[in-house]
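Encoded as structure tokens, the structure appears first; notes follow it.
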Protein chains: 2
Amino acid sequence: MVTKQRGDLPPDADLTRADSLAREIFSDVANKWALLIIEALGERTLRFSALRNEVDGVSHKMLTQNLRMLERNGLVRRTVHPTVPPRVDYTLTEPGQALRATVSGMCDWTQRYLTHIETARRDFDAPFEAGWPRALAR
Amino acid sequence: MVTKQRGDLPPDADLTRADSLAREIFSDVANKWALLIIEALGERTLRFSALRNEVDGVSHKMLTQNLRMLERNGLVRRTVHPTVPPRVDYTLTEPGQALRATVSGMCDWTQRYLTHIETARRDFDAPFEAGWPRALAR
DNA sequence: CAGCATCCAGTATGATACTG
DNA sequence: CAGTATCATACTGGATGCTG
């Protein structure tokens, strides 16, 4: 499992290492921008600027930074065309595609429960907006 | 889609609102701790301290903070037992369970591509560790 | 035990400017 | 166009102490 890392040393040190590696990867991938980038790429090949347009609100810096990380983990293939001006294409690799499948699941989930969540929020926020003393609110 | 919000105003202002709401929810949920907590809860009901043990490395603060957020979005049900000392149980709601399904997918993915990613990283890091000038590395 | 508030360090992020 | 570096700042997250 990814939720638990074994902090203690052996019996089997290799398991510990695998666990902490798993956690590391999970932490890399489980962030807003990385997931949005993966989803935006989909099955397409996009150049940097196009990708920037697809992922709404991402800054130049966050995009490069996350793309480097994804490339390092082998989820994204980066192709440099030695033209001028330079042109760089990004595509999901097979592992990247596999991850995207689950990310799409998350996006679908968001859509499906959108209104559900909206009302949940309203209920939750109601007492506060009514100006209740925090101690009694819940 | 979640990757694109329409920043411009109407034609249809309701779509814009839905998009930005979707993005907001996605951003809430797409973070390391939230996902780990959801995965750790699974089908069980856990009290605060137990959950803290399950999600390795989470601080008291991050746990409360994320649990509040998840409760607000209606993904987690919080049950307070009026005993002394107090006892508080957390369970995933139906929407929470639905999300967990996709999160489990991400965890499985991590396991499946663990070694794959490990070698990808080694390849990527190799030139740098060899002390190459950054400009020529790639 | 669970929760909240506070303080503070470390990090993430955005804006800007410069290079190939 | 894509990438890197730098800087200022906002935010995150951890530690601590107090409350019911």
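Here is how names work: the chains are called A, B, and so on, in the same order as the sequence lines, proteins then strands, and each is numbered from 1. When reading the values below, keep in mind they use all heavy atoms of this one structure, side chains included, and skip hydrogens, waters and symmetry mates.
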Inset, instruction - Determine: side-chain N/O of Ser49(B) to OP1/OP2 of dA2(C), distance under 4.0 Å, yes or no. - result: yes

Legend entry - Electrostatic pair Asp125(B):Arg72(A) at N-O distance under 4.0 angstrom: yes

Inset, instruction - Would you sort out whether Gln97(A) and Arg100(A) count as a side-chain hydrogen bond (donor to acceptor under 3.5 Å, both in side chains), showing the intermediate values? - result: CA-CA 5 Å; Gln97(A) 287 291 349; Arg100(A) 185 183 72 89; 3.1 Å; yes

Inset, instruction - By nearest nucleotide on DNA chain C, pick out whichever of Ala50(B) and Lys61(B) is the more 5' one. - result: Ala50(B)

Inset, instruction - Round to a whole Å and report the spacing from CG of Asp89(B) to C1' of dC1(C). - result: 12 Å

Legend entry - Below 4.0 Å: OP1/OP2 of dG3(D) and any side-chain N or O of Arg78(A): yes

Inset, instruction - Write down the distance between NZ (Lys32(A)) and C1' (dG14(C)), rounded to a whole number of angstrom. - result: 12 Å

Inset, instruction - Identify which nucleotide among dC1(C), dC1(D), dT13(C) has an atom closest to any side-chain atom of Pro85(A), counting heavy atoms from C-beta outward. - result: dC1(D)

Inset, instruction - May I ask you to evaluate whether Arg47(A) reaches the phosphate of dA2(D), defined as a side-chain N or O under 4.0 Å from OP1 or OP2? - result: yes

Inset, instruction - Find out whether Arg121(A) and Leu21(B) are in side-chain contact, i.e. whether some heavy atom of one side chain is under 4.5 Å from a heavy atom of the other. - result: yes

Inset, instruction - Output the single nucleotide from dC1(C), dT13(C), dA2(D) whose closest atom is nearest the side chain of Gln65(A). - result: dT13(C)

Inset, instruction - Could you say whether Asn66(A) or Phe48(B) is positioned toward the 5' end of DNA chain C, judged by the nucleotide with the nearest heavy atom to each? - result: Phe48(B)

Legend entry - Side chain of Met62(A) (C-beta onward), nearest among dT13(C), dG3(C), dG13(D): dT13(C)

Inset, instruction - Mind calculating the distance between CG (Leu63(B)) and P (dA15(D)) to the nearest angstrom? - result: 14 Å

Legend entry - Under-3.5 Å donor-acceptor pair between His60(B) side chain and dG14(D) base: no

Legend entry - Candidate nucleotides dT4(D), dG3(C), dG13(D), ranked by approach to the side chain of Val88(B) - the nearest: dG3(C)

Inset, instruction - Report yes if a side-chain nitrogen or oxygen of Arg68(A) is closer than 4.0 Å to either non-bridging phosphate oxygen (OP1 or OP2) of dT4(D); otherwise report no. - result: yes

Inset, instruction - Find out whether Asp89(A) and His81(A) are in side-chain contact, i.e. whether some heavy atom of one side chain is under 4.5 Å from a heavy atom of the other. - result: yes

Legend entry - Distance below 4.0 Å between Tyr90(A) side-chain N/O and dC1(D) OP1 or OP2: no

